[in-house]
Asks: 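Please see the structure below; I have some questions.
Note that the structure is predicted; figures quoted are calculated from it, not measured.
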Amino acid sequence: MPHIKVDAEICKGCGLCVRACPKKILRLSPTVLNQKGYNPAECVDQSQCTACRSCALTCPDVAITVYKD
Amino acid sequence: MSQVVFTKTNMLTDAITHYCPGCGHGIVHRLVAESIEELGMNDRAVGISPVGCAVFAYRYFNCDNQVALHGRAPAVATGIKRVSPEAIVFTYQGDGDLASIGNAEVNHAAARGEKFVTILVNNGIYGMTGGQMAPTTLIGQKATTSPQGRSVERAGFPMKVAEMIATHEGVQFCERVAVNNTANILKAKKAIKKAFQNQVDGKGFNFIEVLSTCPTNWGLDAIESMKWVEEKMIPYYPLGVLKDKDQEAK
């Protein structure tokens, strides 16, 4: 199944992936803080992910890995 | 077994960048690194870091690197390329570095048709030193040295660097791109890869201007910054190919 993984320690919580996602299934975590004090991005519903890569292409920190199948 | 359709390129190190959240530098770094890797040039690549926010680019690119004096990256690149013609050389410069103090070096490198790639990251401001007005700061744009906004009477007009470079005969390929949304990022990748391909083929000077963001010094968040690029920068700095000798030859 298509899905993504966000490296929470690399993510700086800029939110560009949240804007880029056409399915609107990304958000900045309201509860998690990483070591640098940012709220990292997270996927709220992996089942809707189509592996379109929009989030990963937009991420300035290359924190997202995209998987298909 | 999951199939990976996107992951970090080997041309980027695992170091976490020092760039602010949402800074366009990270995107441009990735595009440059992926282009080099896709062309199989990892072992031949030599990067020239500028003075500015990208001064630490040598920590992030997995290839040989040299930091140049402020604005002098094209001069250093000229030396490296002439001594090692097999090297794939690129300079990675900001607008404060290239358009201001380094204006002479990049113009002469372009006029001489030096066979390397120059990436200009234009965010309209001096980022590292704290948001002063740059040659590319837009009319009316606020900076620490233009708190009322840039005025034409005092500071003149913003410099259109890509247009200026495109006038030189030695330039093989010159294009302005942006990284404000996914579609433009894909176009930017295509342009940067073409520039590197030209160098692999031994063709003259290749120049890519990338419209980028500086959320911190613009006083905007990452998403607002990307909108600002679209609404303010692109109308003044239009995107597109300004010179392509391959097309002219057809």
Asks: Using 0.5 Å steps for rounding, measure from the CZ atom of Phe6(B) to the CD1 atom of Ile4(A).
Replies: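 The CD1 atom of Ile4(A) is 11.5 Å from CZ of Phe6(B), to the nearest 0.5 Å.
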
Asks: With chain A as the partner, which of Ile16(B), Val5(B), Thr7(B) has the greatest number of non-hydrogen pairs under 4.5 Å?
Replies: Val5(B)

Asks: Examine whether an atom of Asn184(B) lies under 4.5 Å from a heavy atom of chain A, and if so say whether it belongs to the side chain, the backbone or both; otherwise answer neither.
Replies: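 Neither part.
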
Asks: Using only atom types and a distance under 3.5 Å, with no angle test, would you say the side chain of Arg30(B) pairs donor to acceptor with the backbone of Thr58(A)?
Replies: no

Asks: Rounded to the nearest 0.5 Å, what's the gap from CG on Leu16(A) to OG1 on Thr213(B)? Could you check?
Replies: 7.5 Å

Asks: Look at atom NZ of Lys24(A) and say whether more than 12 heavy atoms of other residues, nucleotides or ligands are closer to it than 6.0 Å.
Replies: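 Yes - once you tally the heavy atoms of other residues, nucleotides and ligands closer than 6.0 Å, there are more than 12.
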
Asks: Find the one option among Leu31(B), Val28(B), Thr17(B), Asn181(B) whose heavy-atom pairs under 4.5 Å with chain A are most numerous.
Replies: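 The option with the most such pairs is Thr17(B).
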
Asks: Could you grab the distance from atom NZ of Lys8(B) to atom CG of Asp7(A), nearest 0.5 Å is fine?
Replies: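 Reported to 0.5 Å precision, the distance equals 8.5 Å.
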
Asks: Chain A heavy atoms under 4.5 Å from Ile223(B): which part of the residue, side chain, backbone, both or neither?
Replies: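 Both backbone and side chain.
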
Asks: Are Lys12(A) and Cys23(B) close enough that some pair of their side-chain heavy atoms sits under 4.5 Å apart?
Replies: no

Asks: Working to the nearest 0.5 Å, report the span between SG of Cys14(A) and CE of Met226(B).
Replies: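 Answer for the SG-CE pair, Cys14(A) versus Met226(B), is 7.5 Å.
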
Asks: Can you say whether Tyr19(B) sits under 4.5 Å from chain A via the side chain, the backbone, both, or neither, judging by heavy atoms?
Replies: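 For Tyr19(B), the contact with chain A is made by backbone and side chain together.
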
Asks: More than 12 heavy atoms of other residues, nucleotides or ligands under 6.0 Å from CG of Asp201(B): is that the case?
Replies: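 Yes, because the 6.0 Å sphere around CG of Asp201(B) holds more than 12 heavy atoms from other groups.
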
Asks: Compare every heavy atom of Val4(B) with every heavy atom of Thr65(A), then report the nearest pair and how far apart it is.
Replies: CG2-CG1, 4.0 Å

Asks: Among Cys52(A), Pro22(A), Cys21(A), Ser54(A), find the one that has a side-chain contact (heavy atoms from CB on, under 4.5 Å) with Thr182(B).
Replies: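 Considering Cys52(A), Pro22(A), Cys21(A), Ser54(A), a side-chain contact (heavy atoms from CB on, under 4.5 Å) with Thr182(B) is found only for Ser54(A).
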
Asks: To the nearest 0.5 Å, how far apart are CZ in Arg53(A) and CD1 in Ile185(B)?
Replies: 11.5 Å

